[in-house]
Amino acid sequence: MTVESRRLDGNAAAGRLADVFAFDATVARTRCGGCGTTAPLGAHHVYADAPGMVVRCLVCEAVVLRIVRTPGHTWLDMSGTAALDIPDGDPS
Amino acid sequence: MSSRDGGMTFLSRGFVGRRDARRDAGRLPPGQYDVGDGFPVLSAGPTPRTAPEDWDFTVTGEVDGPVRLTWQEFQELPREDVTVDIHCVTKWSKFGTTWSGVALDTLLGLVDTSAEHLLAYCDGGYTTNLALEDVADGRAWVVDRFDGRPLEPEHGGPARLLVPELYFWKSAKWVRGLYLSGTEEPGFWETLGYHLRGDPWLEQRYAGD
């Protein structure tokens, strides 16, 4: 099985991101720090079988976000995210 | 550790490990399991595919004159065949893997430097940091052949680092050069919770281990 065929969509990161964010991060729109593409995090590409989870831009494959769980810690790198647009939750 | 040991035939009472576990009970670092004939592919991104004519290898940073080798020049360097055990931080180990390539001693011998650290950089943007003392004296290679064949892109071809004494994330795939420095600059995983050195026998998996 190729690396590309094992690639997941961004929703695969939902559980890990829910450990960190109080909102549903998969619907938050991110602007890629590499190419400027804006898309919901859930639309990006996720490489989940490495030592950590790597979310990459669906257009340019630049790293948008990385998250690693180590004993007692969660490590989050968002240096590839130029902006994050978080919709308000459903008021109903 | 650097060659296949066929002499270990004891069987621990009550041992219910994998097929070959008994042969190598003393060969597994703590917390690891023997993956047997498998060779897992773990990737943090898409697989780069660099053609030999577009490939080069550079040694830069705190050196007295940087070096750039073409694929052809790399091929003309002295070559070594090595058989080593490898240990991934995700807990699989693979015994007796056979590689061919150029020792880092040879590549670092092309420059004058007083640096104590290097950052390996790769196609796709991956990096990993290594202390020079951990890659000197026949302990690291840039390899372009595995199991007698050209290294496949999924396993890091055309060329990858091989640093078998450290966890396998240090054996960076698709390596394109070494940046030498007097200071330790953490690489891709080392900036995100993984250990700066990564000795599997000391189980240095995470920062602080």
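Chain A is the first sequence line, chain B the second, and so forth, proteins listed ahead of strands; every chain is numbered from 1.
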Short side-chain to backbone donor-acceptor contact, [X] and [Y], under 3.5 Å:
| X | Y | result |
| --- | --- | --- |
| T58(B) | T60(B) | no |
| R6(A) | A48(A) | no |
| R66(A) | G80(A) | no |
| W169(B) | E190(B) | no |

For this session: Report the residue from V55(A), D19(A), T74(A) that forms a side chain to side chain contact (heavy atoms under 4.5 Å, CB included) with I67(A).
Result: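 When side chain to side chain contact (heavy atoms under 4.5 Å, CB included) is applied between I67(A) and each of V55(A), D19(A), T74(A), only T74(A) qualifies.
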Problem set entry | Most contacts with chain B, counted as non-hydrogen pairs under 4.5 angstrom, among P71(A), P51(A), G52(A), A50(A) | P51(A)
For this session: Specify which of E61(A), M53(A), H73(A) makes the most heavy-atom pairs with chain B at under 4.5 Å.
Result: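 The option with the most such pairs is E61(A).
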Exercise. So W92(B) and F39(B), would you call those rings parallel, tilted or perpendicular, with 30° and 60° as cut-offs?
Worked result: perpendicular
Exercise. Using 30° and 60° as the class limits, which term best fits the ring planes of W99(B) and F168(B): parallel, tilted or perpendicular?
Worked result: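 The rings of W99(B) and F168(B) sit tilted, inter-plane angle from 30° to 60°.
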Problem set entry | Distance (rounded to the nearest 0.5 Å) between E165(B) CD and H87(B) NE2 |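 These two atoms lie 9.5 Å from each other.
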Exercise. Where on Y194(B) is there a heavy atom nearer than 4.5 Å to chain A: the side chain, the backbone, both, or neither?
Worked result: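 Only the side chain of Y194(B) comes within 4.5 Å of chain A.
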For this session: Check each atom of R7(A) against the heavy atoms of chain B and say whether the ones under 4.5 Å are side chain, backbone, both or neither.
Result: neither
Problem set entry | Heavy-atom proximity to chain B below 4.5 Å, by part of V46(A) |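 Nothing of V46(A), per the 4.5 Å heavy-atom cut-off to chain B.
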Exercise. Heavy atoms under 4.5 Å from chain A: which residues of residues 127-148 of chain B carry them?
Worked result: none
Problem set entry | salt bridge (charged side-chain N to carboxylate O under 4.0 Å, His left out) evaluation trace for E152(B) with K173(B) | CA-CA 10 Å; E152(B) 294 177 10; K173(B) 298 178 191 174; over 6 Å; no
For this session: Quick one: which of D209(B), T90(B), V89(B), T191(B) has the most heavy-atom pairs under 4.5 Å with chain A, could you say?
Result: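 Top count of heavy-atom pairs under 4.5 Å with chain A: T191(B).
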